[in-house]
Amino acid sequence: NPRPRVVVADPLPRDGLTLLEEHCHLIDAAGANLETLKRDLLPAADALIVRSRVKVTADLIAAAPRLRVIGRAGVGVDNIDLEAATERGIVVVNVADGNTVAVAEHVFALLLALVRRLVPAAASLRQGRWERNRFVGEELRGKVMGLVGFGRIGQEVAQRARAFGMVVLAYDPYVPEARIRELGAEPVSLDDLLARADVVSVHTPLTPATRHLIDAEALARMRPGAYLIHTARGGIVDEQALYQALTEGRLAGAGLDVFATEPPGESPLLELPNVVATPHLGGSTREAQAYNARAIAEQVLRALQG
Ligand code: NAD
């Protein structure tokens, strides 16, 4: 029987896909627009692989009558209409752990940029100024890191925070306290964490329970001069309330990698000097992308053969 046709609709490192090339007919459709996908590529596809650009809607799934497998080369499957896929008996596979270290390192990229005033200091020097007194920083050593969510990424952040000499608090009702202690963190309630942390870093999924978990009230409980780092999912932090807290000077700064709407357009947050923001780059390293490509290739192949 003919080789299954696998449409790769987002850019993935080619060498990650050699496994699929050996067993399937691989169609490289990175950058293809939705119309081309629907009209030319999906009607004959047995499997579809995406990262996060392509939204796998019910409409897109309907254009692929032969589709048996959808692969997401990353963690979040919120760009896939799971209900529509399930209805058709389509298997959805993802890669859970490929971005973990990349995101954990990005937390410190954002945090160190904030506490050392890296972005404004570099801009000032680039403009020919030499303002050594204006950009006095703060050290992480001895500060308290509060992790909201202590899953894969939260745990990697905890290890790195300890290496910086930080005290680590963790709020995660689904992780046993013993496990939290084992990793050198102190299990606490959310209120305790907010009251004690110099840095609050968010690492939960976006669920009905975590939507606006960090709202005006939570931000008001944070220590004056504390920092917020958000690399999890837009919607967990109330952006309007965060803007208030930053402009009123209650928080010292925020490092943001994710937004309620992506791209965030003309969000006023992006104009604040004490905000360092990146366009959802937490998981975007060469290493993570290569791993994700290899891992999704294996999973899609297994699902096609299974
Ligand atoms: P994970 O599932 O390993 O960990 C999430 C943790 O959150 C779990 O331990 C869970 O118990 C906890 N949790 C769930 N609901 C909670 C609640 N109401 N209060 C407190 N804790 C709660 O996930 P992960 O791989 O560590 O990913 C964490 C977040 O990072 C996710 O939102 C994920 O989408 C995001 N992420 C972002 C990027 C990026 O590029 N910025 C990349 C990968 C993942």
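Counting starts at 1 for both ligands and their atoms, following the listed order.
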Taking only heavy atoms of [X], which atoms of ligand 1 are found under 4.0 Å from at least one of them?
{"X": "V175", "answer": "9 (O)"}
{"X": "H280", "answer": "39 (C), 40 (O), 41 (N)"}
{"X": "G149", "answer": "7 (O), 21 (N)"}
{"X": "D257", "answer": "39 (C), 40 (O), 41 (N)"}
{"X": "F150", "answer": "9 (O)"}
{"X": "Y171", "answer": "19 (N), 20 (C)"}
{"X": "H203", "answer": "5 (C), 6 (C), 7 (O), 28 (C)"}
{"X": "G283", "answer": "39 (C), 40 (O)"}

For [X] and [Y], does a side-chain donor sit closer than 3.5 Å to a side-chain acceptor?
{"X": "Y227", "Y": "E138", "answer": "yes"}
{"X": "Y291", "Y": "D97", "answer": "yes"}
{"X": "T278", "Y": "H280", "answer": "no"}
{"X": "Q155", "Y": "R179", "answer": "yes"}

Out of [options], who is nearest to [atom] when you count heavy atoms only?
{"atom": "atom 44 (C) of ligand 1", "options": "I153, V107, N99", "value": "I153"}
{"atom": "atom 35 (C) of ligand 1", "options": "P173, A232, G76", "value": "A232"}
{"atom": "atom 14 (C) of ligand 1", "options": "P205, S52, G98, G151", "value": "P205"}

Contacts of R134 that satisfy side-chain hydrogen bond (donor to acceptor under 3.5 Å, both in side chains) - sequence neighbours left out:
E131
Considering non-hydrogen atoms of the protein only, which is the closest contact for [atom], and what is the distance?
{"atom": "atom 2 (O) of ligand 1", "answer": "R152 NH2, 3.7 Å"}
{"atom": "atom 37 (C) of ligand 1", "answer": "T231 O, 3.1 Å"}
{"atom": "atom 17 (C) of ligand 1", "answer": "T210 CG2, 3.7 Å"}

Check whether more than 12 heavy atoms from other residues, nucleotides or ligands sit under 6.0 Å from atom [atom1] of [X], and answer yes or no.
{"X": "R160", "atom1": "CZ", "result": "yes"}
{"X": "R68", "atom1": "CZ", "result": "yes"}
{"X": "R211", "atom1": "CZ", "result": "no"}
{"X": "Q240", "atom1": "CD", "result": "no"}

Hydrophobic clusters here meaning ILVMFWY residues chained together by side-chain heavy-atom distances under 4.5 Å, can you tell me if V168 and L183 are in one?
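Same hydrophobic cluster.
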Heavy-atom gap V103 to ligand 1 smaller than 4.0 Å:
yes
Within the structure, does [X] bring an N/O atom to less than 3.5 angstrom of an N/O atom in ligand 1?
{"X": "T207", "value": "no"}
{"X": "Y174", "value": "no"}
{"X": "D172", "value": "yes"}

Are D10 and R53 ion-paired here, with the side-chain N under 4.0 Å from a carboxylate O?
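A salt bridge links D10 with R53.
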Could you please spell out the steps behind the ring-ring contact (aromatic ring centres under 6.0 Å, His included) verdict for Y174 and F150?
CA-CA 9 Å; Y174 308 103; F150 200 68; over 10 Å; no
Between T204 and ligand 1, which part of the residue brings a heavy atom under 4.0 Å of the ligand: side chain, backbone, both or neither?
both
